[in-house]
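Below is one structure, written out as structure tokens; comments come after it.
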Amino acid sequence: MSSLSPRSFLVTETIDLLLYISKTQSFTETSRLMGLSQSMVSRKLSAFEATTGITAVDRSSRPVKLTPEGKMLLEALMPYIEGLPVVLDKLQTDSNIKRKLRIGFVDTFTRYIACHVIKDVSSDVTQCTALSGTSDHLLHCFKRDELDVFITSDPSLGLEDVRRQFFYGEPSLLAYPASVQFPESNIDWPHLRFCGLPYIGLTTGSGGGKLFDNFLLTHNIPIHQRINVDSTAVLLELINEGMGWAITRPAGIIQHWETIPNVKLAPMPKPLLSRELYLVSKKSFPFDLFRLIVESLVRITRERLAKKTIEFAPWLKEDIYTIDLDNDKKIPYSTFLKHEEIIR
């Protein structure tokens, strides 16, 4: 179903009410989405049914559902309602009307990336609201229509009717306390298992936590996760205090670099685990604005994130990925650098 938000000033609340009930099958959820009390929703529906003589909702069923008459009414209106976002997008683009933007950043991007993206799109929107959190939190906000577009590292969103674009891939690395004596090279899983410190991991409520849990299961690596946190900042602080070690991503390291003087970095034991980052929106979200955000993210991750990563972890140079904006194909960052050198 297309986004409902553009219709509020073009159709009656009754039609919105029928659409929400059809989608949620719940008076409680419908009232929340419409910003009305449940009693007010019930009164509006009753008034509509009394005026038209149509019983649109079967209140006796659980969950509640539209009656055949209600479905017929909704089906008759859907071609017009679903077309509105497309028409509005075209009118806004043709008339150069600026729009509001609600964008979500996965937490490891908040400090280092978010402000630059907002700066890049500021001239194209009248208002920008930025939220941050884990992939699961942002997905929850997106489903509640609190976000128009968001960054995620979770490849299995389970969403339909969305637009999705890869823009950056970063490999993981090992982060451990400087007090731990590891070999200068070739740290392996047995070294980590028997180093005397526990593994510190992200909860499965984060994209990174899900990614690493699946990695351990897939490769049958017996690592016990004794400490679970939902924040990369807390994870790195614990490592800095000598509480354990972790497999983490460069973006989080960069964001907290000055606060972790006692953390050492090294290549993670093979096989290498990488995180892919995507921008996701509803298909009804204006494509030109979606593309502008993608281009901003690609540029910023190349110029700031990838470059900084190679400075402190040069062994990752061949494992960072970006996209070729001309054809949206994933390419190694090293290939992009070689192309840039040829142009110069």
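As the structure is a prediction and not an experimental result, all values here were calculated from the model.
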Exercise. Do Lys283 and Val162 pass the side chain to side chain contact (heavy atoms under 4.5 Å, CB included) test, and can you show the C-alpha distance, the side-chain angles, and the key distance before you say yes or no?
Worked result: CA-CA 5 Å; Lys283 287 184 179 178; Val162 297; 5.6 Å; no

Seminar exercise, completed: Heavy atoms of Gly252 and Thr232 approach each other most closely as CA-CG2, 3.8 Å

For this session: Check whether any side-chain N or O of Thr301 sits under 3.5 Å from a backbone N or O of Tyr168 as a donor-acceptor pair, and report yes or no.
Result: no

For this session: Output, in order, the C-alpha distance, side-chain angles, deciding distance and verdict of salt bridge (charged side-chain N to carboxylate O under 4.0 Å, His left out) for Arg291 and Glu295.
Result: CA-CA 6 Å; Arg291 191 63 184 178; Glu295 291 173 356; 3.8 Å; yes

Exercise. Is the NZ or CZ atom of Arg163 positioned over Phe285's six-membered ring, under 6.0 angstrom from the centre and within 45° of the axis?
Worked result: no

Problem set entry | From CZ (Phe336) to CD1 (Ile331), nearest 0.5 Å | 7.5 Å

Exercise. Can you tell me how far CG of Leu235 sits from OG1 of Thr108, rounded to the nearest 0.5 angstrom?
Worked result: 11.5 Å

Exercise. According to the interplanar angle, ranging from 0 to 90°, do the rings of Tyr278 and Phe166 count as parallel (below 30°), tilted (30 to 60°) or perpendicular (above 60°)?
Worked result: perpendicular

Seminar exercise, completed: In this structure, NZ of Lys308 is separated from CD1 of Ile254 (nearest 0.5 Å) by 7.0 Å

Problem set entry | Under 3.5 Å donor-acceptor, Asn240 side chain and Asn262 backbone | yes

Exercise. Any side-chain heavy atom of Lys23 sitting closer than 4.5 Å to one from Glu29?
Worked result: no

Problem set entry | Ring-face cation contact, Phe142 with Lys282, 6.0 Å cut, 45° max | yes

Problem set entry | pair Phe150-Ser135: side-chain heavy atoms closer than 4.5 Å | no

For this session: Look up atom CG in Leu216 and atom CH2 in Trp189, then write down how far apart they are to the nearest 0.5 Å.
Result: 6.0 Å

For this session: Would you confirm whether Ser296, through its side chain, and Leu292, through its main-chain N or O, come within 3.5 Å as a donor-acceptor pair?
Result: no

Exercise. Going through the checks in order, is the side chain to side chain contact (heavy atoms under 4.5 Å, CB included) test met by Arg302 and Ile320?
Worked result: CA-CA 10 Å; Arg302 285 175 181 174; Ile320 298 172; over 6 Å; no

Exercise. Are His191 and Pro183 close enough that some pair of their side-chain heavy atoms sits under 4.5 Å apart?
Worked result: yes

For this session: Report yes if the side chains of Lys44 and Leu17 come closer than 4.5 Å at any heavy-atom pair, otherwise no.
Result: yes

For this session: Mind running salt bridge (charged side-chain N to carboxylate O under 4.0 Å, His left out) on Glu170 and Arg275 for me, showing each step along the way?
Result: CA-CA 5 Å; Glu170 60 173 354; Arg275 173 177 76 162; 2.4 Å; yes

For this session: Taking atom types as modelled, find out whether Asp58 and Ser60 have a side-chain donor-acceptor pair closer than 3.5 angstrom.
Result: yes

Problem set entry | Minimum heavy-atom distance Ile247-Pro269, with the two atoms named | CD1-CD, 4.4 Å

For this session: Go through the steps for Arg102 and Thr129 under the test side-chain hydrogen bond (donor to acceptor under 3.5 Å, both in side chains), then give the verdict.
Result: CA-CA 5 Å; Arg102 301 171 301 170; Thr129 300; over 6 Å; no

Exercise. Are Tyr176 and Tyr199 an aromatic pair by the rule of ring centers under 6.0 Å?
Worked result: no

Exercise. Between Thr218 and Asn214, what is the shortest heavy-atom contact and its length?
Worked result: OG1-O, 2.7 Å

Exercise. Do Pro250 and Leu316 come close enough that some side-chain heavy atom pair is under 4.5 Å?
Worked result: yes

Problem set entry | Path from Met72 to Val57 over hydrophobic side-chain contacts below 4.5 Å | no

For this session: Kindly indicate whether the side chain of Leu138, heavy atoms from C-beta on, has any atom under 4.5 Å from the side chain of Val280.
Result: no

Problem set entry | Main-chain N/O of Ser42 paired with Ser46 side-chain donor or acceptor, under 3.5 Å | yes

For this session: Tell me, please, whether Tyr333 has Lys317 positioned over its six-membered ring: NZ or CZ under 6.0 Å from the ring centre and within 45 degrees of its axis?
Result: no

For this session: Any chance you could lay out the side chain to side chain contact (heavy atoms under 4.5 Å, CB included) test for Arg43 and Ser39, step after step, and finish with the verdict?
Result: CA-CA 6 Å; Arg43 285 199 297 271; Ser39 60; 3.8 Å; yes

For this session: Provide the closest heavy-atom pair for Leu238 versus Val229 in the form atom of the first, atom of the second, distance.
Result: CD1-CG1, 3.9 Å

For this session: Rounded to the nearest 0.5 Å, what's the gap from CE on Met268 to CG on Leu273? Could you check?
Result: 5.5 Å

Problem set entry | Gln255 side chain vs Thr110 backbone, donor-acceptor pair below 3.5 Å | yes

For this session: Kindly work out whether a path of hydrophobic side-chain contacts (I/L/V/M/F/W/Y, heavy atoms less than 4.5 Å apart) joins Ile200 to Val234.
Result: yes

Exercise. Would you say Leu174 and Leu192 make side-chain contact, with heavy atoms under 4.5 Å?
Worked result: yes

Exercise. Between Thr30 (side chain) and Ser26 (backbone), is there a donor-acceptor pair under 3.5 Å?
Worked result: yes

Exercise. Would you say Phe27 and Ile54 are hydrophobically clustered, going by side-chain heavy atoms of ILVMFWY under 4.5 Å?
Worked result: no

Exercise. Taking atom CG of Leu66 and atom OG of Ser22, what is their separation to the nearest 0.5 Å?
Worked result: 5.0 Å

Exercise. Which class fits the ring pair Phe212 and Phe215: parallel under 30°, tilted 30 to 60°, perpendicular over 60°?
Worked result: parallel

For this session: Give a yes or no answer on whether the side chain of Thr24 reaches the backbone of Tyr20 with a donor-acceptor pair at less than 3.5 Å.
Result: yes

For this session: Please examine the side chains of Thr248 and Leu202, heavy atoms only from C-beta on, and report whether any two atoms are closer than 4.5 Å.
Result: no

Exercise. Passes salt bridge (charged side-chain N to carboxylate O under 4.0 Å, His left out), Glu49 versus Arg59? Steps please.
Worked result: CA-CA 13 Å; Glu49 291 178 329; Arg59 296 170 174 79; 3.0 Å; yes

Exercise. Between Ile118 and Leu277, is there a shared hydrophobic cluster once you connect ILVMFWY residues whose side-chain heavy atoms come closer than 4.5 Å?
Worked result: no

Exercise. Looking only at heavy atoms, what is the nearest atom pair of Gln165 and Asp328, with distance?
Worked result: OE1-OD2, 3.6 Å

For this session: Please step through salt bridge (charged side-chain N to carboxylate O under 4.0 Å, His left out) for the pair Asp324 and Lys330, ending with a clear verdict.
Result: CA-CA 6 Å; Asp324 182 341; Lys330 188 189 305 183; over 6 Å; no

Exercise. Is there a donor-acceptor pair under 3.5 Å between the side chain of Trp315 and the backbone N or O of Ile310?
Worked result: no

For this session: List the steps and the verdict of side chain to side chain contact (heavy atoms under 4.5 Å, CB included) for Leu19 and Leu74.
Result: CA-CA 7 Å; Leu19 280 164; Leu74 197 55; 3.4 Å; yes

Problem set entry | Shortest non-hydrogen contact from Lys119 toward Ser122 | O-OG, 2.9 Å

Exercise. Okay, side chain of Arg226, backbone of Leu197: is any donor-acceptor separation there less than 3.5 Å?
Worked result: no

